[in-house]
Amino acid sequence: MRKIANIVLVFSILFCTFTLPKQSIKAKTLGQLKAELAQYEKEYNKNKNDQKLTEQQLQQTKADIQKTSLEIENIMQDLITLQAEIEKLNTDIEDLDIELEEIVEFYQVSDGSLVYFEYVMGAKDYTDFIYRSAISGQLAEYNEGLIVDYQNKIEENNTKTTELENKKTDLGKKQESLSTMLATIEDKISDLEELSISIEEEIRIRKEYVKLYENQYNCKDDEDLDECIKGKVPTDTTLIRPLASGYVTSDYGSRTHPVTGQIQSFHYGVDISTVDNNTPVYAAGSGVVVAVSTAAERGTRCGNNIVYIQHRIINGSGKIETYTTSYWHMRASLVKVGDTVTNQTQIGIMGGKPSEDSCSTGAHVHYVVATGLYLTDYQQLSTYNAKRINPRMVTNFPVLRGYFKDRTTRY
Ligand SMILES: [Zn+2]
């Protein structure tokens with residue numbers, strides 16, 4: 001109970017201290033973007049005492065998960081051992097049953113007390129007589145011993161069965177509570193990938209973004225950003241899968257409690273995974289790199305390296321739609337802000353092993369799609385509360401846990 005209480009406390013601290021002021025500014029011109037940045041900085045300075053979940057607290061949670069998993073594994077091992085024992089007992093009893101049956105049969109056909117006598121008298125010669133005499137003596141003893149054995153084994157079997165049943169019941173209860181706990185913790189950890197960027201880092205990213213418009217695209221303060229980047233940011237017609245092959249391991253949408261069915265958290269991306277062998281991650285389509293956030297810059301391994309790409313997609317009716325895609329947990333990012341990319345550009349290397357990323361439980365790419373240009377179409381004053389949509393609306397993926405053999409085949 002205390003463990004659960006601690007975990008709840010840790011996450012309560014995290015979520016309480018990470019609340020950002022709600023705003024509904026839409027920066028459409030460079031001037032507005034600058035104003036938004038200034039306000040953001042002001043808000044941040046007001047709430048400077050905010051704390052975020054430390055790496056240490058995360059490690060503790062991970063250790064707790066590992067410990068409980070190990071416990072389940074040990075109990076499962078015990079159960080397997082007990083089951084094997086019961087199986088062996090049952091075989092023994094079967095064998096005893098057969099032997100006993102033979103003896104009982106013998107008793108019945110031979111009128112009980114006369115059994116050995118008749119058997120001995122049935123000898124066909126002297127050698128056989130000696131042999132039968134010896135055997136019948138042993139048989140009498142063995143006979144009694146066998147029945148005692150039989151009774152003991154049955155008793156033993158009953159004890160073991162009760163033991164097993166009790167253990168099974170305990171295990172069932174334990175598994176239920178552990179899986180509830182694990183689900184809660186895992187959901188909380190996946191929530192963290194959305195929150196893993198400090199406000200300082202957001203401010204740094206925003207400053208670079210303003211610089212990109214100002215220096216690389218020469219936008220004016222009162223100029224509409226959409227208009228300004230026309231002809232400067234390459235267009236594309238589609239956004240394709242960022243990995244050359246792999247599986248869909250988690251979908252966009254709410255995650256529910258396995259037992260109560262209550263909605264616990266929302267997963268804002270599609271997770272894809274494949275063999276972890278310095279696997280290349282590609283841009284989903286042509287565009288420009290608008291932000292790169294490295295683990296080193298944030299001072300946390302949570303989320304590891306993240307790349308944001310701004311796209312201008314020509315839709316079916318010839319209109320331009322703007323999107324921002326992001327790629328999380330990468331072992332390394334291979335691009336920098338301002339780089340122009342195509343869907344053939346390798347932007348990084350897939351990561352996500354727990355040892356290198358404290359907010360991931362295995363190697364994968366967390367692929368996020370938001371509508372609008374980066375930082376210009378957001379509902380709140382937070383990079384990570386952008387208008388994220390189900391990536392499936394623009395990028396084709398097979399069903400959950402389905403395999404894709406290349407980047408473009410439609411499923
Ligand atoms: Zn994810």
Side-chain angles (χ1 to χ4, degrees), residues 62 182-183 186-187 189-194 196 236-255 265-287 289 292-295 301-309 311 313 323-335 339 341-370 384 388-411:
K62 290 241 158 177
L182 276 175
E186 273 177 4
D187 270 354
I189 283 184
S190 69
D191 284 349
L192 290 179
E193 65 186 9
E194 317 292 345
S196 60
D236 209 332
T237 52
T238 181
L239 294 171
I240 60 173
R241 294 183 285 272
L243 291 181
S245 65
Y247 290 89
V248 175
T249 54
S250 190
D251 249 324
Y252 176 94
S254 51
R255 301 188 194 202
S265 67
F266 204 90
H267 185 232
Y268 284 99
V270 165
D271 288 346
I272 47 176
S273 181
T274 187
V275 180
D276 182 14
N277 187 21
N278 288 326
T279 308
V281 179
Y282 300 97
S286 294
V289 176
V292 177
S293 186
T294 67
R301 293 183 309 146
C302 182
N304 217 345
N305 297 289
I306 310 161
V307 167
Y308 293 79
I309 298 171
H311 307 274
I313 304 296
Y323 295 98
T324 303
T325 56
S326 57
Y327 313 77
W328 297 59
H329 307 295
M330 291 195 293
R331 184 163 299 145
S333 59
L334 305 175
V335 286
D339 281 358
V341 297
T342 71
N343 63 21
Q344 296 306 305
T345 308
Q346 185 184 350
I347 57 166
I349 296 167
M350 183 179 77
K353 280 195 302 194
S355 57
E356 60 189 4
D357 190 325
S358 52
C359 290
S360 175
T361 48
H364 77 285
V365 176
H366 175 70
Y367 174 61
V368 178
V369 178
Y384 306 103
R388 287 162 299 191
I389 56 166
N390 188 340
R392 288 179 181 278
M393 289 171 74
V394 289
T395 303
N396 178 269
F397 287 102
V399 293
L400 181 61
R401 282 179 277 280
Y403 180 74
F404 52 92
K405 63 176 179 8
D406 56 31
R407 300 184 59 204
T408 53
T409 298
R410 294 192 69 80
Y411 294 95

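Side chains included, hydrogens not; waters and symmetry mates left out as well; all remaining heavy atoms used.
- For T345 (side chain) and N343 (main-chain N/O), no donor-acceptor pair under 3.5 Å exists by modelled atom type.
- In this structure, S273 contributes its side chain and A363 its backbone to a donor-acceptor pair below 3.5 Å.
- Using a 3.5 Å distance cut-off with no hydrogens or angles, the side chains of Y367 and T395 do pair a donor with an acceptor.
- Interatomic distance, CH2 of W328 versus CG of D271, reported as 11.5 Å (0.5 Å rounding).
- With contacts defined as side-chain heavy-atom distances shorter than 4.5 Å, the pair Y411/K405 qualifies.
- With sequence neighbours left out, Q346 forms a side chain to side chain contact (heavy atoms under 4.5 Å, CB included) with P280, Y282, L334, I349.
- Neither side chain, N304 nor H329, offers a donor N or O lying under 3.5 Å from an acceptor on the other.
- Of the options V341, D236, T238, I313, a side chain to side chain contact (heavy atoms under 4.5 Å, CB included) to S286 is made by D236 and by none of the others.
- To the nearest 0.5 Å, atoms CE (M393) and OH (Y252) are separated by 8.5 Å.
- Counting only heavy atoms from C-beta outward, the side chains of Y403 and P398 never approach each other to under 4.5 Å.
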Determine, stepwise, if the pair M330 / V307 fulfils side-chain contact (heavy atoms from CB on, under 4.5 Å). CA-CA 9 Å; M330 291 195 293; V307 167; 3.5 Å; yes

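- Nearest heavy-atom pair across M350 and T274 is CE-O, 3.3 Å.
- H366 NE2 to I272 CD1: the interatomic distance, rounded to the nearest 0.5 Å, is 11.5 Å.
- For the pair L239 and T325, the minimum side-chain heavy-atom distance is below 4.5 Å.
- Formation of a donor-acceptor pair under 3.5 Å by the N390 side chain with backbone atoms of R392 is found in this model.
- Using a 4.5 Å heavy-atom threshold, the side chains of I309 and S326 count as separate.
- The shortest side-chain heavy-atom distance between R331 and E356 falls under the 4.5 Å cut-off.
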Give every donor-acceptor pair under 3.5 Å between a side-chain atom in residues 240-248 and any protein atom, sequence neighbours left out.
unit_1	atom_1	unit_2	atom_2	d
R241	NE	D406	O	3.1
R241	NH1	N396	O	2.9
R241	NH1	N396	OD1	3.1
R241	NH1	T409	O	3.0
R241	NH2	D406	O	3.1
R241	NH2	D406	OD1	3.3
R241	NH2	T409	O	2.7

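- Partners of R407 according to the side-chain hydrogen bond (donor to acceptor under 3.5 Å, both in side chains) rule, which considers only residues two or more places apart in sequence or in another chain, do not exist here.
- Contact check for V292 versus I306: no side-chain heavy atoms found under the 4.5 Å cut-off.
- Looking at I347 and Y327, their side chains come closer than 4.5 Å, going by heavy atoms from C-beta outward.
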